[in-house]
Amino acid sequence: MAAVSVDKDCADQKLQFAPFSSALEAGFWHQLTQKKLNDYRLDESPKNIKGYYYNGDPVGLPTRLTLEFSAFEVDGPTPVRCCPVTGTLFNTNTLEAFKTSDKKALLEQQAKEIWDAIQSGAALDDPSLLCRFLLLTYADLKKYHYFYWFCFPALCFSDGIKILKEPATLEQIFSPRQTAALQSGYDRLCSETGTSAVPYFLVKYTEEDVEVAQLRDWDSFDNARRTIYVTVGVYDPCTLPQHPGWPLRNLLFLIACKWYVPKATGFLLDVLEVVCFRDRTLQGSRNIQHSIVFQVKLPLPDLSLNAVCPKSVGWEKNPKGAMGPRMVNLSECMDPKRLAESSVDLNLKLMRWRLVPSLNLDKVTSTKCLLLGAGTLGCNVARTLMGWGVRHITLVDNAKISYSNPVRQPLYEFEDCLGGGKAKAPAAADRLVKIFPGVVAEGHVMSIPMPGHPVNFSEGTMAQARKDVEHLEKLISEHDVIFLLMDTRESRWLPTVIAASKRKLVVNSALGFDTFVVMRHGLKKPCEPDDSSPSVSSSTSSSSSTPAEPAQLPAASLFSNIPGHRLGCYFCNDVVAPGDSTRDRTLDQQCTVSRPGLAMIAGALAVELMVSILQHSEGGYAVASSSDDRMNEPPTSLGLVPHQIRGFLSRFDNVLPASLAFDKCTACSQIVLDSYEKGGFNFLSKVFNSSHSFLEDLTGLTQLHQETQNAEVCMRTAIYTAAYTLQYIVQHKHCNTHYLYM
Amino acid sequence: MIACGHSNDQMSSCVLDEETFCRCCQLFLEHSHSLCDGWSWQLVKGSEEGYLRKVALGNVRIRTSSNPNQITDQYIQGASSDQRQGRTSPFTPHKENDDDHNDEQYYDDDDGAVCCMQDSRSSGVIQYEYHILYSYSYQTPVLYFRASTLEGRSLSLEEVWDGVHPNYRQRLQHGPWDTITQQEHPLLGQSFFVLHPCRTEEFMRPVLQAALEEHRQVNYVVTWLSVVGPVVGLDVPLSYCTKVPAPSHTSPSPLQPPALQTQPD
Ligand SMILES: [Zn+2]
């Protein structure tokens with residue numbers, strides 16, 4: 001070996017170390033949470049934990065001290081080729097305690113323990129005592145916010161460490177033979193000590209051979225070499241070509257203290273050679289040639305008996321490069337509610353990725369839905385909306401849950417029926433939130449005033465009706481899609497009028513015994529003065545029966561290519577105004593029993609219809625698809641956007657009729673909308689308090705009835721107002737325009 | 001053993017029983033140790049079940065909206081407003097440098113022995129964690145994975161997707177990426193992403209049947225992983241396919257999990 005000479009270039013250069021970067025795996029926080037909840041609870045006393053570092057990283061990765069979920073099992077296995085590090089966890093119960101804990105004292109206490117281990121010789125027997133860490137944490141388990149601060153205590157030489165020979169790679173210093181000998185010597189040391197990695201070791205070498213030994217074997221390990229200099233090896237996690245990693249720091253202190261004045265020879269050893277052992281396997285090929293070797297001059301520490309512990313450093317900087325703690329917000333991966341939300345979202349996105357790439361999910365999930373009726377249809381509609389990720393669902397109903405309900409209405413349970421039964425709407429909303437906490441659900445107990453159901457018994461009843469109307473108007477304004485899912489026909493009238501006036505999309509569903517209808521109401525064009533759409537005729541209502549009218553409407557448009565603004569509403573097909581349908585009915589007509597599967601089918605179809613409408617670029621103005629379009633190119637990524645779906649369970653068959661808005665409709669005709677918009681509650685109360693003739697007179701239906709003595713006109717009317725009946729319905733005895741409702 | 005349509009005339013599926021899974025894993029691990037590529041067998045505490053596990057590091061762009069630093073600032077400001085008014089917490093960032101100032105009183109790292117690190121080095125580093133489990137319902141291996149920052153925050157699937165090279169995305173979108181779902185890890189109870197096993201049989205069957213016809217033995221786990229691994233950025237070196245044998249049929253070893261090896265080879 002050549003005599004030691006100081007490189008001129010680095011005469012004043014001081015050795016600098018790459019600090020550890022803390023690296024926590026997601027599992028660590030899960031485990032800390034479990035420990036805090038089940039084990040530590042309010043116990044703030046220090047706990048032993050374990051981390052590790054690795055010396056085989058590719059260039060460019062930070063020098064990490066990693067803690068994974070197994071960090072709390074101090075005696076557990078360490079990953080292959082990793083070097084374990086013991087640490088102390090200080091988990092505080094409050095943020096205040098975390099903030100005010102004395103970081104200086106904590107660091108000094110750790111430094112003192114290292115200093116003591118050096119002085120007592122314990123570190124020589126067990127060099128892992130030199131490298132340790134401290135972790136201060138506070139876990140806010142309500143918000144899943146975790147505060148933490150790592151400290152990697154290192155003792156400091158007050159004047160630093162002078163570099164005598166600049167770092168060079170092992171390849172430059174060692175022959176291939178020496179390199180191979182170093183590698184096998186290190187491996188042998190690992191198997192002798194039964195560890196996955198030996199953090200510190202002694203090296204001696206000749207041109208022929210390299211030997212390694214444990215630190216504790218110093219005295220028996222070739223004393224002769226010490227007359228020139230000592231070579232030590234350190235398992236080095238750093239990948240920088242000019243700097244050693246952090247673990248070397250305290251080793252230098254140990255060596256300075258122990259061997260500065262050799263016991264046997266009396267020589268002063270102040271030159272130390274360091275091999276930063278780096279061991280990388282790429283594609284199955286192992287390499288240590290990028291290890292670095294350098295020489296330093298060890299300063300003289302104060303070795304007097306009363307020597308105080310040297311100054312120490314080690315608190316980790318935060319990502320801003322400042323001295324401070326770190327905080328990680330894990331609510332997305334730990335909070336069960338957030339997990340449910342992300343799982344639901346991901347499930348829907350899967351549908352998009354897998355099957356319908358152009359699906360616009362945001363359009364669906366951001367839609368605010370108002371469900372009028374929280375019975376069998378309402379419950380099923382709400383559940384299907386949840387399946388689509390709709391986050392805003394409001395239910396309106398005035399009924400209470402009765403014993404017969406839970407088996408058919410999937411948001412209720414037996415318990416809900418006790419003590420007279422809970423109100424349906426709020427109970428349904430509560431259940432929705434229980435099913436999925438990410439939903440914003442509200443329930444309103446409210447009666448919807450109906451035509452032919454007088455509200456003028458007293459000032460009180462009038463005031464209540466006015467309040468109910470205002471409430472309903474407000475709810476409809478606040479939502480994007482209105483579902484009509486009530487059990488009577490008349491209760492659908494008021495929301496139909498309000499929603500038509502406010503240009504809100506309406507999806508309506510009604511059930512018979514084994515038939516159902518699901519339909520979207522025509523969406524009137526945006527309010528503009530002098531909007532003269534052909535379907536909106538003036539009050540000269542008889543014009544529809546003049547020969548000129550059918551000429552304006554080519555026959556094809558009766559059944560196909562009807563744009564959304566010309567589609568009919570639920571009441572367009574009727575030639576009588578809604579009245580008190582719950583009175584004067586035969587038992588058969590009153591019977592609200594349908595085949596149990598029907599509400600699920602119709603409820604699901606109502607939501608799927610809404611979703612298909614939302615996927616259409618024109619939304620509610622989309623041209624109605626018909627059964628004939630089943631063979632054509634669908635207008636949306638999800639397929640057709642029909643006006644109506646009429647289902648016949650007896651035949652397990654659905655048809656997709658479309659029908660025009662009726663200019664004498666008692667709910668959506670221009671005259672009704674005008675009267676509502678001008679007259680407001682005064683007009684509405686007249687409708688509530690009068691018999692059905694009031695609306696029939698207003699719209700011209702009365703006049704039409706008088707004219708229908710002429711059979712031809714009658715037929716024309718039938719075709720005009722209920723074209724689908726000719727095509728599909730007439731042959732089914734259950735299916736005239738009188739559906740029974742659940 | 002691996003049952004396939006040809007050997008059991010009534011069966012039309014290619015399934016893997018648990019014992020074969022464990023033996024495949026053992027052979028897989030032996031090769032992994034020779035490559036030193038980080039796979040290990042993790043036994044679940046207090047149970048006989050286990051799984052193969054590997055952690056790999058990589059870089060990914062993290063969206064600014066979920067920048068953890070911003071969250072820190074927001075939260076700390078929010079938290080400090082809960083404290084008594086006028087009180088200065090040690091790390092309330094009134095101004096950029098105030099938190100440094102507050103800590104200087106007890107801390108001074110300017111001993112000249114710390115080399116200046118660019119912290120950007122660690123801020124973009126992502127830890128990818130891969131687990132291979134046996135699914136009893138599908139009788140196939142299942143790949144669970146998650147990615148987290150060095151702070152231990154798991155990334156959303158969008159963030160993981162951001163890390164996929166654009167050239168590779170198109171292929172993935174039509175490939176098995178579309179079977180990724182979010183599920184609880186059956187052994188750990190923590191939330192992971194899963195490559196859903198519903199299509200495993202679909203792509204394994206032709207491979208296994210071809211091997212059967214050629215009287216070639218296949219290590220199911222290796223073959224399977226070489227298909228699904230790359231989907232989520234997990235490299236499976238070619239040597240696994242060439243060097244890892246199929247578990248022997250003639251000398252079935254008793255059912256036991258692969259030995260945990262911590263010794264260097
Ligand atoms: Zn109408």
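From a predicted model like this one, the values you see are computed outputs, not experimental measurements. Below, read A as the first sequence line, B as the second, and so on, with proteins coming before strands; counting in each chain starts at 1.
Using a cut-off of 4.0 Å between Lys/Arg side-chain N and Asp/Glu carboxylate O, B:R153 and A:E25 are scored as not salt-bridged.
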Enumerate donor-acceptor pairs with a distance under 3.5 Å from any side-chain N or O in residues 51-59 of chain A to protein atoms, sequence neighbours excluded.
unit_1: A:Y52; atom_1: OH; unit_2: A:E68; atom_2: OE1; d: 2.9
unit_1: A:N55; atom_1: OD1; unit_2: A:Y235; atom_2: OH; d: 3.3
unit_1: A:N55; atom_1: ND2; unit_2: A:F277; atom_2: O; d: 3.0
unit_1: A:D57; atom_1: OD1; unit_2: A:R64; atom_2: NH2; d: 2.7
unit_1: A:D57; atom_1: OD2; unit_2: A:R64; atom_2: NH2; d: 2.2

Where do B:V114 and A:Q16 land on the side-chain contact (heavy atoms from CB on, under 4.5 Å) test, with the steps shown first?
CA-CA 5 Å; B:V114 181; A:Q16 289 187 319; over 6 Å; no
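Applying the side chain to side chain contact (heavy atoms under 4.5 Å, CB included) criterion to B:S47, with sequence neighbours excluded, gives B:V44, B:E49.
Summarising the geometry, atom CG belonging to A:N318 is positioned 9.5 Å from atom CD belonging to B:E151; distances are rounded to the nearest 0.5 Å. Here the SG-CG distance, from B:C36 to A:D279, works out to 7.0 Å after rounding to the nearest 0.5 Å. The distance from the CD atom of B:Q42 to the OG atom of A:S70 is 7.0 Å, given to the nearest 0.5 Å.
When only modelled atom types and interatomic distance are considered, B:Q182 and A:S342 share a side-chain donor-acceptor pair under 3.5 Å.
Proximity to chain B (any heavy atom under 4.5 Å) is shown, for A:L339, by both the backbone and the side chain. Contacts of A:Y146 with chain B are absent, with no heavy-atom separation under 4.5 Å from either backbone or side chain. Residue B:S154 touches chain A through both its backbone and its side chain, counting heavy-atom pairs closer than 4.5 Å.
Using a 4.5 Å heavy-atom cutoff, the side chains of B:Q127 and A:T66 are in contact. In this structure, the side chains of A:V80 and B:S40 stay at 4.5 Å or more apart for every pair of heavy atoms. A 4.5 Å side-chain heavy-atom check between A:T281 and B:D37 finds every atom pair outside the cut-off. Counting heavy atoms from C-beta outward, B:Q190 and A:W29 have side chains that stay 4.5 Å or more apart.
Listed options A:Q31, A:E73, A:Q242, A:R280 were ranked by heavy-atom pairs under 4.5 angstrom with chain B; first place goes to A:E73.
The two residues A:G27 and B:R146 come nearest to each other via the heavy atoms N-NH2, 3.2 Å. Scanning all heavy atoms of the two residues, the minimum distance from B:S191 to A:C333 falls at CB-O, 4.5 Å. Shortest non-hydrogen contact noted between A:A26 and B:S148 is N-OG, 3.8 Å. Pairing each heavy atom of A:Y148 with each of B:L150, the nearest pair is OH-O, 4.5 Å.
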